[in-house]
Amino acid sequence: LRKQIHLARFGFYIVKYLVMGGIMMLAIRAVTQNYPATPVTNIIQIIIGIAVYFALCIITKDQQMKRILNKVREIVLRRR
């Protein structure tokens, strides 16, 4: 099993996504810090989180995001 799973590379990916999640959390807190806890605030937080995470994936050229976007593109083009 050790030969099949490269733990050092796996650890790098975990750290990468933890950092991206931390940046996303800081952005959400910075924007919605003074808003009351309402459903509208939750929707704003979700939109900010998606936008920040998507931007970070593009900036870091995340391979999984590329695969997801390619799959979505295939599905959309197939339906036309």
Side-chain angles (χ1 to χ4, degrees):
L1 186 60
R2 278 186 164 172
K3 293 178 183 179
Q4 294 174 349
I5 299 175
H6 302 284
L7 294 178
R9 188 170 50 181
F10 185 69
F12 170 74
Y13 289 125
I14 290 173
V15 170
K16 176 182 168 183
Y17 289 109
L18 285 174
V19 169
M20 288 170 53
I23 292 170
M24 181 178 60
M25 181 191 72
L26 291 173
I28 291 169
R29 287 191 148 220
V31 173
T32 61
Q33 178 176 336
N34 296 323
Y35 290 102
T38 64
V40 174
T41 304
N42 287 346
I43 292 170
I44 292 170
Q45 289 173 334
I46 291 168
I47 292 169
I48 292 169
I50 290 170
V52 169
Y53 193 78
F54 189 72
L56 288 171
C57 285
I58 290 173
I59 290 169
T60 61
K61 299 177 183 175
D62 186 63
Q63 293 299 316
Q64 288 188 345
M65 181 61 75
K66 285 182 183 179
R67 286 186 200 120
I68 291 169
L69 290 175
N70 286 336
K71 196 61 150 173
V72 169
R73 188 177 300 128
E74 285 177 19
I75 293 170
V76 169
L77 291 177
R78 231 185 285 151
R79 290 186 179 183
R80 287 185 180 185

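Everything quoted here is computed from the prediction, not taken from an experiment.
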* To do: Please determine which of I50, T32, V40 meets the side chain to side chain contact (heavy atoms under 4.5 Å, CB included) test together with Q45.
  => T32
* Is there a side-chain contact between V72 and I75 (heavy atoms, below 4.5 Å)? -> no
* I68 CD1 to C57 SG distance, which is reported to the nearest 0.5 Å -> 8.0 Å
* Structure fact -> For R67, the side-chain hydrogen bond (donor to acceptor under 3.5 Å, both in side chains) test, sequence neighbours excluded, returns none
Acceptor/donor pairs from residues 23-31 side chains to any protein atom, 3.5 angstrom cut, sequence neighbours excluded:
none

* Treating Ile, Leu, Val, Met, Phe, Trp and Tyr as nodes and any side-chain heavy-atom pair under 4.5 angstrom as an edge, say whether V15 and L56 lie in one connected cluster. => yes
* Structure fact -> The reported gap from CD1 in I58 to NZ in K66 (rounded to nearest 0.5 angstrom) is 10.5 Å
* Are K16 and D62 close enough that some pair of their side-chain heavy atoms sits under 4.5 Å apart? -> yes
* Asked: Atom OG1 of T60 and atom OH of Y17: how far apart are they, to the nearest 0.5 Å?
  -> 7.0 Å
